[in-house]
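Note that the numbering runs from 1 along the sequence shown for the chain. A quick note: this is a predicted structure, and the numbers were derived from the prediction, not measured.
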Amino acid sequence: MKDLRYFRLAGVVLVLLGAGALSACFSSPVEPTTDFALTTLSETEDATAADVQAESTWVIRDEDQFLRIWERLFARRTDRPMPTIDFTTQMVVVVAMGPQPTAGYAVRITRISRNDRGIVVHVTTSSPGPNCTVAQVRTHPVAVSR
């Protein structure tokens, strides 16, 4: 009986050591990043994004593309004029959550950085809690940052 316990214990130890070694093989090293200065241009849950039917992210590097995306998101909002961007030194990032069933959903671009793999956009989303009272209206949360 003691031999059986020894083999079980040895088996558990080997499994744990193997799992630790395996996880070390797949962990990625910390990559150096460079943060970009971030200016929020718009955060809204009521964009009229009727033709944005899924989560979408755009990195925009020219005015023509920016105009197309801005009109796609805010065509019916006359109170949201398109901001002027100097695309020779700046770019715009747009994150859309797609249609949501009620009010209370939000998206925010919290940080934009660059590492050796490219540009990394850090996004925070939120949704209403289970006991929250929210408007029963379909929303399209969007965040736009320069």
Side-chain angles (χ1 to χ4, degrees), residues 7-146:
F7 285 115
R8 283 186 186 164
L9 180 59
V12 169
V13 169
L14 286 174
V15 168
L16 292 175
L17 287 174
L22 191 58
S23 68
C25 292
F26 290 105
S27 64
S28 59
V30 176
E31 299 174 7
T33 61
T34 303
D35 285 355
F36 290 99
L38 181 66
T39 303
T40 300
L41 300 174
S42 178
E43 287 178 353
T44 182
E45 69 176 38
D46 60 346
T48 54
D51 60 346
V52 179
Q53 295 302 317
E55 289 183 14
S56 303
T57 302
W58 294 276
V59 177
I60 303 168
R61 293 184 169 97
D62 67 69
E63 192 166 352
D64 291 337
Q65 183 185 18
F66 187 39
L67 177 61
R68 287 191 305 274
I69 298 298
W70 191 266
E71 287 178 348
R72 186 173 176 185
L73 297 173
F74 302 111
R76 298 179 211 150
R77 297 288 306 265
T78 57
D79 63 328
R80 282 198 200 273
M82 187 177 90
T84 303
I85 306 293
D86 178 4
F87 284 101
T88 61
T89 60
Q90 300 172 329
M91 65 182 110
V92 174
V93 175
V94 179
V95 177
M97 283 182 73
Q100 301 301 316
T102 65
Y105 289 83
V107 60
R108 170 174 281 187
I109 299 169
T110 56
R111 182 176 161 214
I112 300 174
S113 59
R114 178 187 315 220
N115 61 28
D116 62 347
R117 295 183 183 174
I119 295 173
V120 180
V121 178
H122 303 262
V123 176
T124 301
T125 61
S126 60
S127 59
N131 297 321
C132 294
T133 303
V134 293
Q136 298 300 304
V137 60
R138 198 164 180 83
T139 58
H140 298 84
V142 173
V144 183
S145 293
R146 176 180 61 202

Please identify each residue that fulfils ring pair (Phe, Tyr, Trp, His ring centres under 6.0 Å) with Trp70, with sequence neighbours left out.
-> Phe66, Phe74
So, Gln65 side chain and Glu63 main chain: donor-acceptor pair closer than 3.5 Å or not?
-> no
What's the shortest heavy-atom distance between Thr102 and Pro128, and which atoms?
-> OG1-CG, 4.0 Å
What is the distance from atom CZ of Arg111 to atom OG of Ser145, rounded to the nearest 0.5 Å?
-> 14.0 Å
In this structure, NE2 of His140 is separated from CE of Met97 (nearest 0.5 Å) by 11.5 Å
Measure the shortest side-chain to side-chain distance between Trp58 and Val92 over non-hydrogen atoms and say whether it is less than 4.5 angstrom.
-> no
Can you name the closest pair of heavy atoms from Thr84 and Arg146 and give their distance?
-> O-NH1, 4.4 Å
Can you see which heavy atom on Ala96 is nearest to which on Val142, and at what distance?
-> CB-CG2, 4.1 Å
Could you list the residues that satisfy side-chain hydrogen bond (donor to acceptor under 3.5 Å, both in side chains) with Arg108, not counting sequence neighbours?
-> Glu43
Would you name the heavy atoms of Leu67 and Met82 that are closest together and state the gap between them?
-> CA-SD, 3.6 Å
With Ile112 as reference, evaluate Val123, Val59, Val120, Ile119 under the side-chain contact (heavy atoms from CB on, under 4.5 Å) test and give the passing residue.
-> Ile119
Ile60 and Asp62: which non-hydrogen atoms are nearest, and at how many Å?
-> CG2-O, 3.4 Å
With distance as the sole test, does Thr88 use its side chain to make a donor-acceptor pair with the main-chain N or O of Asp86 at under 3.5 Å?
-> no
Closest non-hydrogen contact found for Ile85 with Gln90 is CG2-OE1, 3.7 Å
Please say whether more than 12 non-hydrogen atoms of neighbouring residues, nucleotides or ligands are located less than 6.0 Å from CD in Glu55.
-> no
